[in-house]
Amino acid sequence: MRSEEGVSHMSEPASEERFCRVLEGRGFRELLSRRNREVGEDVGDLERHVNSVLKDVATRGDEAILEATSKYDGVDLDVGEIPVQIPSLDNLRASLGRGVIEAIEHAATIIRRYHILEKEHTPRSWMDAISPGAAAGKIVVPLERVGIYVPGGRAPYVSTVLMTAIPAKVAGVKEIIMCTPPVFKNLCPGDTRKPESLEARDEDPGHGVFGSENGKALPSSFGPAPEILAAARVAGVNRVFRVGGPQAIAAMAYGTETIPKVDKIVGPGNRYVQAAKMAVFGLVDVDMPAGPSEVCVIADETASGRVLACDLLSQTEHGPDSLSVLLTTSQTLLEEVRGILAGDSSATGGDILLVLVDGLDEAIELANLMAPEHLQVMVEDSVYVLRQVRNVGAVYVGPFTPTSLGDYSAGPSHVLPTQGSARAFGALGVGSFLKTINVAWYSRDAYEGSAAVAVRIAEVEGMKAHATSLKVRLDDGGSDTTVLPDFCGLYGSSGKSPFGEPRKQHVGDRRLARIDGPLGARRFAEVVRATGETRIRIALDLDGPVDFRVSLGGVGDGFFGHMLDTLAYYWGVSLEIEGEPDPREPECGGHHLLEDIGIVLGKSLKKAIEGSGPIERFAHEVVPMDDALVAVALDISGRPHLFWDVAVPGSLVDGVGVEAIREFFAAFSRCAGVTLHVRSLSGDCSHHIIEAVFKAFGRALSRACTRSERDLAPGRSVGGSVNSTKGVLD
């Protein structure tokens, strides 16, 4: 996790001797020992300054933020200028160009795909018997609100936005806010005049400083940079605030009139930001301590000297206090790298150490001792190294997996422990945004067998009230719930508790079970479809927490967006839908968008249930809404067919074409392989009729997607198919 904001705290550029040195193993050990001691040196002045800012923001809120921003960033803002409107991708394309947006979207897709896979392997909710009649376990839930800090100053750190927001989104965090410093590109340091772009923003309220609704980029000389906002839009950040430094950390930790309090703060920053994060730890959670960036490379004679030299140089771009280390078994390779570095004028600072080791075992020992942020393994027997490396933030294996790829688009988050903290801290990921809740349940019989032990310990500790609360239940404990409730949704298709008892149904059981789904493969799918008319991305989690986010790029965000929210709610799933008409085809309007959303949603459902085991498959619902009454029946059979008999007054419903809505259902049925019958039984209000359709459709999908408690016939393999009286439907 690199610390790279501003330049005021950085030391003078390194001398040539400091820039590149050759050491043996013993000398490297001594250097690491000194380095570890220096990390713990007194930072009294830094802490006093940071604590002063934190206290001021905690006491005076927005007023203190504005004063600190003016004093430390040289930027005079009004309270209304702290929040930043995130422009649509159409406006950002007009400002940045299609190539930049496509690069950000591609990186986001890879990063999101990695963290989706990580989520499938992340510890889940569990509940199990610990003694006869007693059970205990954990419920795993995502954090409610997370704050990410994105440094400003020297460059727009797009990768930081993607690497922090995407794993939080995949984990299921409901709201992600981002703080990033204001950036002046056209003003001299210390000049606090209000830039012209503020007046431009005042003339076009509500559309942000980098774009307006007509797609024309507005002039700008203050931040956040449009690249940062593009990454925020793609990654799913909910709100952005123009605040940096310790005051941003304080605002997210304590909350102000404008910036909400969060549960956890993540992201890199300079030493003032890091000191502020450590100071508020406990009030909120933080990711990890962050220091200068570092890379360690273990290489043998099979590696390319030119490639190694470039890799070592790349990490020096993070600042003059960065560290690049080569541990090599080859004297020839070391001299080759040394010669290339000596003739390279692109170095920007930082240490480069070339260390000759006796063999791979010594290289592994030194790497574990260093506990680097990044480790590159470029040896013939990489498996041997991987099996013994313990202290490292991230490992990149082979000649085509440089740390630079990990910084941007390899998939895993680049937010990593530094300065030896990899001995205790791990990389940021989905698990960083989850918390566990302990659960315990005792039947009366089990309680009677265990209470005596608890009473005895309470009496030993002098806790008389504790002992009384234990004893009173033996005489007046009320009615007994003899069946273990399915707290974590773990009974699965057997319908049995850990004690073999029948599953107890109760109100809210289905919703509670969706905290992390029943046993079996997690049913998740992400599908992206881009055509000459639209681009659609849908992430569907049938077993995730009930959560939904719909963004349609300004087309159909109103009524149809509301219908998609309604569908997700009554379906009871976690659903993200991002849809944008192509700016080159504005005439496509909502028709193509709705049809393409139906295509992608159908493909997402089909992909999510493949290989996940049998489902109930059939469902029907009749739903009233005021004057409207609608019936929906469906069969997830692999046999696509739509029967549509919906009588709606007029051809439009709140500006959305009725035929376009029908095309949405037709496309879904075709691509999901669903037989779908939709019929309106009565109704005079078109809005009520269509809303009842989506409610009934969502409820029917919820029942049909429920894991089946019926076993297939002997010898029948479910695989990616649906169970049927005829065997298995592919």
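Throughout, residue positions are numbered sequentially from 1 according to the sequence presented.
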| request: Apply the test side-chain contact (heavy atoms from CB on, under 4.5 Å) to residues Cys705 and Leu605: give CA-CA distance (whole Å), side-chain angles for both, the deciding distance (0.1 Å), then the verdict. | output: CA-CA 9 Å; Cys705 292; Leu605 175 60; 3.8 Å; yes
| task | Apply side-chain contact (heavy atoms from CB on, under 4.5 Å) to the pair Met252 and Val284, showing each step before the final yes or no. | result | CA-CA 9 Å; Met252 291 188 284; Val284 295; over 6 Å; no
| field | Trace of the side-chain contact (heavy atoms from CB on, under 4.5 Å) decision for Phe560 with Ile597 | value | CA-CA 11 Å; Phe560 193 67; Ile597 289 174; 4.1 Å; yes
| said: Determine whether Tyr157 and Thr180 satisfy the following criterion, side-chain contact (heavy atoms from CB on, under 4.5 Å), listing intermediate values before the conclusion. | reply: CA-CA 10 Å; Tyr157 294 113; Thr180 188; over 6 Å; no
| request: Could you go through the side-chain hydrogen bond (donor to acceptor under 3.5 Å, both in side chains) check for Asp90 and Ser88 one step at a time? | output: CA-CA 5 Å; Asp90 286 349; Ser88 71; 4.9 Å; no
| query | Checking side-chain hydrogen bond (donor to acceptor under 3.5 Å, both in side chains) for the pair Ser159/Asp407: CA distance, chi angles, key distance, verdict? | reply | CA-CA 7 Å; Ser159 58; Asp407 281 344; over 6 Å; no
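One distance of note links OG of Ser293 with CG of Leu416; it measures 8.5 Å at 0.5 Å rounding. Annotation: the span from Cys296 atom SG to Leu312 atom CG amounts to 9.5 Å, rounded to 0.5 Å. Atom CD1 of Ile110 and atom CG of Leu162 lie 12.0 Å apart (nearest 0.5 Å). Note that CG of Leu229 is 7.0 Å distant from CD1 of Ile86, once rounded to the nearest 0.5 Å. Considering CG of Leu434 and CD1 of Ile139, their distance stands at 13.5 Å, rounded to 0.5 Å. With rounding to the nearest 0.5 Å, the separation of CG in Leu366 from CE in Met370 is 10.5 Å.
At a threshold of 4.5 Å between non-hydrogen side-chain atoms, the residues Phe524 and Leu542 do not count as touching. At a threshold of 4.5 Å between non-hydrogen side-chain atoms, the residues Arg529 and Ile599 count as touching. A heavy-atom distance below 4.5 Å is not found between the side chains of Val377 and Tyr384. A 4.5 Å side-chain heavy-atom check between Ile636 and Ile609 finds at least one atom pair inside the cut-off. Two residues are said to be in side-chain contact when any heavy atoms from C-beta on lie closer than 4.5 Å; Val297 and Met378 meet this criterion. Under the 4.5 Å side-chain criterion, counting only non-hydrogen atoms from C-beta, Cys179 is in contact with Phe241. Looking at Pro167 and Phe433, their side chains come closer than 4.5 Å, going by heavy atoms from C-beta outward. A heavy-atom distance below 4.5 Å is found between the side chains of Ile177 and Pro260.
Remark: side-chain polar atoms of Lys277 are paired, donor with acceptor, to backbone N or O of Gly267 under 3.5 angstrom. Checking side-chain atoms of Ser432 against main-chain N and O of Gly429 turns up a donor-acceptor pair under 3.5 Å. Formation of a donor-acceptor pair under 3.5 Å by the Ser314 side chain with backbone atoms of Ser404 is not found in this model. Of the possible polar contacts, none joining the Lys119 side chain to the Val430 backbone as a donor-acceptor pair under 3.5 Å is found. No side-chain donor-acceptor contact under 3.5 Å links Glu175 to the backbone of Arg145. No donor-acceptor distance shorter than 3.5 angstrom exists from the side chain of Ser702 to the backbone of Gly698, with no hydrogens or angles considered. Checking side-chain atoms of Asn368 against main-chain N and O of Arg390 turns up a donor-acceptor pair under 3.5 Å. Within the 3.5 Å criterion, the main-chain N or O of Val674 finds a donor-acceptor partner in the side chain of Ser669.
Of the candidates Val528, Val550, Val600, Ile538 forms a side-chain contact (heavy atoms from CB on, under 4.5 Å) with just one, namely Val600. Of the candidates Gln376, His374, Glu373, Gln376 is the only one forming a side chain to side chain donor-acceptor pair (under 3.5 Å) with Thr403. Exactly one of Arg549, Arg535, Arg233 qualifies for a side chain to side chain donor-acceptor pair (under 3.5 Å) with Glu578. That residue is Arg549.
Proximity of the aromatic rings of Phe694 and Phe665 is defined here by a centroid distance below 6.0 angstrom, and this criterion is met. Between Tyr570 and Phe697, the distance separating the two ring centers is not shorter than 6.0 angstrom.
Under the 4.0 Å criterion applied to side-chain N and carboxylate O atoms, Glu105 and Arg537 are not assigned as salt-bridge partners. A salt bridge between Lys435 and Asp263 is absent, with no side-chain N of the basic residue lying under 4.0 Å from a carboxylate O of the acidic one. With respect to the salt-bridge test (charged N to carboxylate O, under 4.0 angstrom), the residues Glu526 and Lys607 do not qualify. Here Lys264 does not pair with Asp287 in a salt bridge; the nearest charged N to carboxylate O distance is not below 4.0 Å. Contact check on Asp541 versus Arg523 returns no salt bridge, with no Lys/Arg side-chain nitrogen under 4.0 Å from an Asp/Glu carboxylate oxygen.
Across Pro417 and Gly426, no two heavy atoms sit closer than the pair CD-O, 3.8 Å. Residues Thr401 and Val397 come closest through the heavy atom pair OG1-O, 2.8 Å. Glu294 and Gln419 make their closest contact through OE2-N, 2.9 Å (heavy atoms, listed as atom of the first residue, atom of the second, distance). Nearest approach of Ser413 to Leu428, heavy atoms of both residues: CB-O, 3.4 Å. Closest heavy-atom contact between Ile176 and Val237: O-CG1, 3.6 Å. Shortest non-hydrogen contact noted between Pro156 and Ala225 is CB-CB, 3.9 Å.
Residue Arg699 places its CZ atom among 12 or fewer non-hydrogen atoms of other residues, nucleotides or ligands, all under 6.0 Å distant.
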